[in-house]
2 protein chains.
Amino acid sequence: MNERATLKTIAKATGYSITTVSRALAGYDDVAEATRAVIQSSAQQLGYFPNLTARQLQKQRTDTIGIILPSVGPRFADPYFSLILAGIGDEIAVSGYDILISTRPPGPAELEAYRSIVEGQRVDGIVVIRTRLEDERIAYLAERGFPFVAFGRTTLDLDYPYIDEDGEAGTYELILHLAQLGHERIAYIAAPQHLTFGYNRLKGYKRALDDTGLVYHPEYVEVGDLTRRGGSAAAEKLLAKPLPPTAIVAANDLMALGTMNHLQQNGLRIGIDISVAGFDDIPAAEALGLTTLNQPIFRIGHQLSQMLLAVIEGQHLAEPKLVLKPKLLIRASVGPPA
Amino acid sequence: MNERATLKTIAKATGYSITTVSRALAGYDDVAEATRAVIQSSAQQLGYFPNLTARQLQKQRTDTIGIILPSVGPRFADPYFSLILAGIGDEIAVSGYDILISTRPPGPAELEAYRSIVEGQRVDGIVVIRTRLEDERIAYLAERGFPFVAFGRTTLDLDYPYIDEDGEAGTYELILHLAQLGHERIAYIAAPQHLTFGYNRLKGYKRALDDTGLVYHPEYVEVGDLTRRGGSAAAEKLLAKPLPPTAIVAANDLMALGTMNHLQQNGLRIGIDISVAGFDDIPAAEALGLTTLNQPIFRIGHQLSQMLLAVIEGQHLAEPKLVLKPKLLIRASVGPPA
DNA sequence: TTGAAAGCGCTAACAA
DNA sequence: TTGTTAGCGCTTTCAA
């Protein structure tokens with residue numbers, strides 16, 4: 001790297017003080033036009049570019065927001081994360097913000113990462129995605145008074161802005177649909193229950209069984225790790241039951257795809273011999289004809305960005321808490337019981 | 001936000017100088033153990049955390065690498081980008097680095113973003129993904145002498161470290177396979193030709209036709225925008241030819257999936273009435289039985305991280321230029337011509 | 001073993 | 001209209 005030009009370089013070159021150079025370049029109107037012209041051309045010629053780190057230190061803001069991703073289990077590679085990231089990134093860029101991403105395994109290292117970028121003042125705000133029922137990240141941020149928004153609710157008694165999907169209502173509607181088709185043995189591949197969405201979706205499953213007069217049998221519920229592989233493994237267990245289910249609903253599409261894989265390998269025809277459904281409506285779902293619940297993850301990312309920017313600016317949020325009802329999409333993977 | 005503790009706060013609280021506090025906390029051994037103990041406990045109690053921005057300014061390094069993503073066309077939502085990002089993020093985190101992501105539309109704003117994070121010293125190095133034949137980003141970085149690695153070659157006469165896939169050889173092998181099955185009208189949905197990978201993959205297509213005695217007909221080649229929708233549109237055009245192709249090969253899986261969609265909607269059976277193949281082996285490819293070429297994108301991300309770190313540290317790279325041969329995966333989407 | 005002073009590059013209050 | 005001074009929070013040289 002050739003040495004970079006700083007304000008000092010320009011000051012020396014033009015004979016003006018650093019202050020004047022700074023103000024000329026910043027567009028202040030208390031600089032003589034002639035002076036500004038000289039300084040600007042010198043800056044141009046020297047290839048000057050402001051050191052953003054220095055500016056950040058001075059201004060006490062970074063024009064950057066932070067997102068911390070889990071490094072194990074599903075992450076970027078999970079369409080859920082990619083889509084939300086795309087949505088956030090797209091929208092935040094409009095306001096000239098960048099995104100700082102830290103990848104950490106869940107656990108203490110993760111919380112440390114939050115501490116680090118918050119206390120280290122590396123970002124102006126944070127988006128917490130995939131909340132947990134008792135989310136210590138949110139507890140920390142709220143207690144710290146640091147600007148943040150979350151994708152997901154918690155059971156914490158804290159007042160913070162979020163967007164969440166109504167996973168309970170969505171799953172409820174789906175199970176109801178299956179029951180109306182005549183399914184009586186509807187198995188469920190749940191998400192880990194410390195995750196808010198996992199808990200809510202399972203709740204919808206149980207409530208729907210209740211309301212339709214079907215009995216909730218714990219042996220028809222497996223907990224999966226949200227990956228395709230996990231879905232496949234869970235499906236295997238469910239098929240091995242003495243009385244296998246006629247429909248399998250997974251808490252997310254990825255696991256539903258894994259389930260489909262497994263079923264097909266066992267010669268079962270999806271939607272005919274057995275029904276399968278998921279949740280999320282990731283891009284592959286449509287291609288595979290997977291019945292699922294759509295939530296506009298990409299657009300939620302947009303909204304989260306806008307909310308966070310408002311929070312950072314200290315604005316009042318018109319709707320600080322948003323719960324969206326997902327839309328049931330019936331596709332070929334679901335049919336009446338065989 | 002409550003006010004944060006700084007070195008000054010601790011200095012005042014303990015009566016030591018800022019210098020001593022700094023060194024005590026940094027673990028220098030020229031500090032009396034008793035002093036260190038006092039300072040540490042004070043730091044603990046005050047909830048001290050170093051201001052990373054200030055440290056960066058002083059140390060002239062950020063422990064951050066930069067990636068600039070296109071905000072239009074396929075991006076995060078494209079498994080290609082998510083996977084490479086996951087690979088990079090995973091591995092870079094091991095060394096304690098973070099990732100700064102800027103989302104920009106291709107064009108001048110994009111190059112500006114590179115300028116901004118480079119000259120603004122916001123990152124220590126950059127990963128350029130999806131290179132173009134004459135890539136002005138690489139020209140800039142190389143000329144600037146800034147640490148970077150690229151996923152993809154260019155036609156520029158510049159010496160820089162990269163990993164690339166041998167898209168030509170991969171496509172060649174695939175087309176050869178189709179020809180051997182008896183296909184004579186093999187259409188191709190190309191990627192934009194200013195993209196290195198798009199150019200190379202098409203080259204493989206042409207060369208394979210040549211070598212198998214088939215004639216290259218430009219009307220059997222459509223250029224797509226790499227999205228599923230684009231693949232579907234291209235497929236429609238190809239099907240409308242007086243003599244439709246018996247096989248359609250897309251330059252990436254996403255377009256291949258779009259092609260499959262379109263064909264199925266028209267009542268064609270994939271792999272029986274017509275063959276389809278892609279490139280990349282994204283997760284959905286396996287589920288859909290799409291014949292494709294696998295490149296270990298995730299692992300390439302890992303390697304790019306390691307290379308970049310080496311470059312940042314000024315180390316010598318054993319293999320600064322890597323071209324990987326993708327692996328042909330024959331799946332159900334391909335069969336002999338009807 | 002500790003502290004004073006300088007400096008990373010920038011902005012801003014205040015004085016001239 | 002311009003410059004002096006101070007300071008953002010940290011590290012590091014050098015002297016005590």
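Lettering of chains follows the sequences in order, A, B, ..., and the numbering in each one begins at 1.
One can place CD of Gln60(B) at 20 Å from P of dA6(C), the figure rounded to the nearest angstrom. The interatomic distance linking Lys8(B) (NZ) with dG3(C) (P) rounds to 16 Å, in whole Å. Summarising the geometry, the separation between CD on Gln56(B) and C1' on dG7(C) is reported as 17 Å, rounded to the nearest angstrom. Whole-Å rounding puts the Lys12(B) NZ to dG3(C) C1' distance at 16 Å.
By the 6.0 Å contact criterion, CD on Gln44(B) is open, its count of non-hydrogen atoms from other residues, nucleotides or ligands being 12 or less. At most 12 heavy atoms of other shown residues, nucleotides or ligands fall within 6.0 angstrom of atom CD in Glu134(A).
With respect to the salt-bridge test (charged N to carboxylate O, under 4.0 angstrom), the residues Glu143(A) and Arg137(A) do not qualify. Of the charged side-chain nitrogens involved, none lies within less than 4.0 Å of a carboxylate oxygen, so that Arg104(B) and Glu112(B) do not count as a salt-bridged pair. Between Lys321(B) and Asp159(B) there is a salt bridge, since a side-chain N of the basic residue sits under 4.0 Å from a carboxylate O of the acidic one.
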Atom pairs, protein N/O to nucleotides 11-14 of chain C N/O, distance under 3.5 Å:
from: dT11(C); atom 1: OP1; to: Arg55(A); atom 2: NE; distance (Å): 2.9
from: dT11(C); atom 1: OP1; to: Arg55(A); atom 2: NH2; distance (Å): 3.2
from: dT11(C); atom 1: OP2; to: Ser22(A); atom 2: OG; distance (Å): 2.9
from: dA12(C); atom 1: OP2; to: Tyr28(A); atom 2: OH; distance (Å): 2.8
from: dA12(C); atom 1: N6; to: Thr19(A); atom 2: OG1; distance (Å): 2.9

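Contacts between chain A and DNA chain D, taken as any atom within less than 4.0 angstrom of a protein heavy atom, begin and end at dT1(D) to dG9(D).
Base engagement by Ser17(A) is indicated by at least one non-hydrogen atom pair under 4.0 Å involving a base atom.
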Checklist entry - Run the salt bridge (Lys or Arg N to Asp or Glu O under 4.0 Å) check on Arg299(B) and Glu165(B) step by step: do they pass? => result CA-CA 12 Å; Arg299(B) 271 193 289 126; Glu165(B) 110 246 334; over 6 Å; no

Checklist entry - So Thr196(A) and Thr131(A), side chain to side chain donor-acceptor pair (under 3.5 Å) or not? Walk me through it. => result CA-CA 6 Å; Thr196(A) 304; Thr131(A) 54; 3.3 Å; yes

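Using a 4.5 Å heavy-atom cutoff, the side chains of Thr64(B) and Arg122(A) are in contact. Contact check for Leu85(A) versus Ile101(A): side-chain heavy atoms found under the 4.5 Å cut-off.
The distance between the ring centers of Tyr140(B) and Tyr114(B) does not fall below 6.0 angstrom.
Look at Gln121(B) and you won't find any side-chain N or O under 4.0 angstrom from OP1 or OP2 of dC8(C).
Between Asp98(A) atom CG and Ile65(A) atom CD1 the span is 9.5 Å, to the nearest 0.5 Å.
Near DNA chain C, defined here as any heavy-atom distance below 4.0 Å, the residues from residues 32-40 of chain B are Ala32(B), Thr35(B), listed numerically.
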